[in-house]
Amino acid sequence: MLAGKVITIGVTGGIAAYKAADLVSLLSKNGAEVHVVMTGSAREFIQPLTFETLSGRPVVTDLFNFSEPGRIPHIDLAARSQLLVVVPATANIIAKAACAIADDLLSTILLAATCPVLFCPAMNTNMYTNRGVQRNINLLKELGYLFVEPGFGRLACGALGQGRLADLDIIYEEIIKSLWYEKDLTGTKVMVTAGATREAIDPVRFITNRSSGKMGYALARAARDRGAEVILVSGISELKTPHGVKVLFVESARDMHAAVLSHFPEVDVVIKAAAVADYRPKITAEHKIKKSAGVLSLELERNPDILLELGQLKKKGQILVGFAAESRDLLRNAKEKIQKKNLDLLVANDITQPEAGFGVDTNIVKFVYPDKEAVELPKLDKLELAHRILDEIIKIR
Ligand code: PMT
């Protein structure tokens with residue numbers, strides 16, 4: 001699975017250093033070309049020989065050890081690596097990277113690398129939650145560095161809390177994710193909408209729908225992982241916001257309309273996975289509506305149809321992808337929408353199927369095109385579907 005992939009593992013000085021040996025073994029067994037760089041402190045915890053045996057390559061430790069004349073180890077490794085993983089990552093290496101300090105081999109490679117860098121922190125829980133450490137982590141995240149959050153549990157020092165190295169299967173999955181997809185959306189600006197809108201009736205009540213944001217957030221993560229610059233316009237969702245993505249939170253359909261329209265001129269692709277309320281209460285009561293005898297009627301008025309407007313404004317080269325949540329006549333309704341809204345692709349989900357549509361982790365959809373037969377897809381995890389949608393977008397371009 002990892003044949004042809006060059007991965008550099010940077011090991012720093014923490015008790016979890018021994019777990020890096022299992023990771024090196026796993027990556028090597030899966031065919032990766034693994035290089036290991038150890039800091040001086042890491043060598044206090046584990047011998048280079050362990051990594052040499054598991055990776056089948058010499059471990060590099062010294063900035064000034066030029067074993068091959070004319071080859072500068074830190075530049076060479078940084079240039080060849082397709083991924084750099086720092087595991088375990090101590091507070092010290094995180095701080096050095098955040099301040100661009102290069103005073104040993106690993107910190108120098110980190111500065112010279114242009115490939116993705118994945119930090120896997122592991123440290124005492126008070127150190128991990130220390131504001132300075134968190135500031136450094138956040139700074140690195142803002143700069144596009146990737147992190148695998150440490151897990152909770154009993155730490156080597158006896159404390160209970162967050163700080164233990166994430167499970168190896170999680171780290172492995174993150175590595176696959178960072179390597180697997182081509183960065184085929186580099187230079188592309190993608191706007192994704194996600195989640196539900198909320199239309200206020202009074203200060204405490206509102207009209208909304210069952211969208212969790214899972215489909216839209218998966219699209220944002222997938223586009224980010226493929227190199228796109230991503231703007232996620234998120235309605236209501238309880239999901240953790242994806243790092244490396246610009247997130248604009250909105251509440252009502254009109255808020256979403258304003259956010260999407262203001263960024264539309266600068267983006268190449270829009271994917272509208274949000275479930276937008278078609279109607280809102282004509283009047284939002286200033287005070288909580290009191291109950292009274294008899295029927296209460298709410299008068300509703302139309303919200304702007306954001307996608308319809310985008311279809312009218314679309315410039316040559318811009319790609320517009322819509323979703324259709326249908327409970328009957330899926331294809332007929334979808335074909336009508338794609339024409340009316342001037343879309344390049346419509347992802348039609350039949351929301352009556354139990355593992356499709358709102359709230360669930362999977363989706364079952366048909367791709368509907370303006371000029372050719374629709375294609376039916378099998379049940380897919382929403383992240384996998386997100387990548388299939390991006391594959392289609394790349395074909396359309
Ligand atoms: O968030 P999840 O729980 O993961 O669920 C995912 C989903 C079911 C919400 C998603 O897959 C989906 O189908 N999203 C679109 C839902 C929807 O509003 O469908 P629609 O047929 O009503 O709208 C068609 C398209 O027009 C959509 O792209 C919608 O974003 C857009 N629209 C709709 C109304 C409106 N006023 N403005 C719009 O832009």
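Indexing begins at 1, ligand by ligand and atom by atom, following the structure's order.
With salt bridges taken as basic N to acidic carboxylate O contacts below 4.0 Å, none links Asp361 and Lys382. Taking the charged nitrogens against the carboxylate oxygens, Asp202 and Lys288 have no contact shorter than 4.0 Å, which rules out a salt bridge. A salt bridge is defined here as a Lys NZ or Arg NE, NH1 or NH2 lying under 4.0 Å from an Asp or Glu carboxylate O, and Lys341 with Asp305 meets this definition. A salt bridge between Glu392 and Arg388 is absent, with no side-chain N of the basic residue lying under 4.0 Å from a carboxylate O of the acidic one. A salt bridge links Lys96 with Asp104: the closest approach of a Lys/Arg side-chain nitrogen to an acidic carboxylate oxygen falls below 4.0 angstrom. Salt-bridge annotation for Lys337 and Glu326: present, with a side-chain N of the basic residue lying under 4.0 Å from a carboxylate O of the acidic one. Salt bridge status for Arg80 with Glu33: present, with a side-chain N to carboxylate O gap under 4.0 Å.
With a 4.0 Å cut-off on non-hydrogen atoms, Ser211 touches ligand 1 through its backbone as well as its side chain. Using a 4.0 Å cut-off between heavy atoms, Ala196 makes no contact with ligand 1 at all. With a 4.0 Å cut-off on non-hydrogen atoms, Asn363 touches ligand 1 through its side chain and not its backbone.
Note that Arg302 lies in the cation-pi zone of Tyr279, set by a 6.0 Å cut-off to the ring centre and a 45° limit from the axis.
Remark: the Tyr369 side chain and the Asp344 side chain contain no N/O donor-acceptor pair separated by less than 3.5 Å. No side-chain donor-acceptor contact under 3.5 Å links Arg328 and Thr352. Side-chain atoms of Ser211 and Asn209 form no donor-acceptor pair, as typed in the model, at a separation below 3.5 Å. Between the side chains of His263 and Glu266, a donor-acceptor pair is found at a separation under 3.5 Å.
Ranking protein heavy atoms by distance to atom 36 (N) of ligand 1, first place goes to Pro304 O, 3.0 Å. In this structure, atom 14 (N) of ligand 1 lies nearest to the protein heavy atom Ala273 O, 2.9 Å. Among protein heavy atoms, atom 23 (O) of ligand 1 sits closest to Phe323 O, 3.8 Å. Protein heavy atom nearest atom 29 (C) of ligand 1, with residue, atom name and distance: Ala274 O, 3.5 Å. Protein heavy atom nearest atom 19 (O) of ligand 1, with residue, atom name and distance: Ala325 N, 3.4 Å. With respect to atom 2 (P) of ligand 1, the closest heavy atom belonging to the protein is Ser212 OG, 3.3 Å. Of the protein's heavy atoms, Val276 CB, 3.9 Å lies nearest to atom 33 (C) of ligand 1. Nearest non-hydrogen protein atom to atom 34 (C) of ligand 1 is Asp278 OD1, 3.2 Å.
Remark: ligand 1 atoms within the under-4.0 Å shell around heavy atoms of Lys337 are 20 (P), 21 (O). Taking every heavy atom of Gly322 and a limit of under 4.0 angstrom, the matching atoms of ligand 1 come to 28 (O). Near Lys214, with a cut-off below 4.0 Å to any heavy atom, the atoms of ligand 1 are 1 (O), 2 (P), 4 (O). Listed by number with element, the atoms of ligand 1 under 4.0 Å from a non-hydrogen atom of Leu307 are 25 (C), 26 (O), 28 (O), 31 (C), 38 (C), 39 (O). Of all atoms in ligand 1, numbered sequentially from 1 with element shown, those under 4.0 Å from a heavy atom of Gly359 are 2 (P), 3 (O). The ligand atoms of ligand 1 that sit less than 4.0 angstrom from a heavy atom of Lys382 are 2 (P), 3 (O), 4 (O), 5 (O).
When all heavy atoms of Pro150 and Pro121 are compared, the closest pair comes out as CB-O, 3.5 Å.
An N or O contact shorter than 3.5 Å links Gly213 to ligand 1 by distance. Polar contact check, Ile306 against ligand 1: a nitrogen or oxygen pair lies under 3.5 Å apart. Taking only nitrogen or oxygen atoms, main chain and side chain alike, Lys272 reaches within less than 3.5 Å of ligand 1. Inclusion of Asn349 in the set of residues having an N or O under 3.5 Å from an N or O of ligand 1 is warranted. Considering backbone and side-chain atoms alike, Ala275 places every N or O at 3.5 Å or more from each N or O of ligand 1.
Close to ligand 1: Ala324, with a non-hydrogen atom less than 4.0 angstrom away. Within the 4.0 Å heavy-atom cutoff, Lys341 counts among the residues contacting ligand 1. Residue-ligand proximity: Glu309 is placed with every non-hydrogen atom at 4.0 Å or more from ligand 1.
Applying the salt bridge (charged side-chain N to carboxylate O under 4.0 Å, His left out) test between Glu301 and each of Lys282, Arg254, Arg280 identifies Arg280 as the sole match.
Taking the six-membered ring where the residue is Trp, Phe119 and Phe147 present parallel rings, their angle staying beneath 30° rather than reaching 60°.
Cluster annotation: Ile319 and Ile338 are assigned to distinct hydrophobic clusters (Ile/Leu/Val/Met/Phe/Trp/Tyr, side-chain heavy-atom contacts under 4.5 Å, transitive).
The heavy atom nearest to atom 5 (O) of ligand 1, considering only Ala194, Ala348, Gly357, is found in Gly357. One option in Asp305, Leu385, Val260 has a heavy atom closer to atom 38 (C) of ligand 1 than any other, and that option is Asp305.
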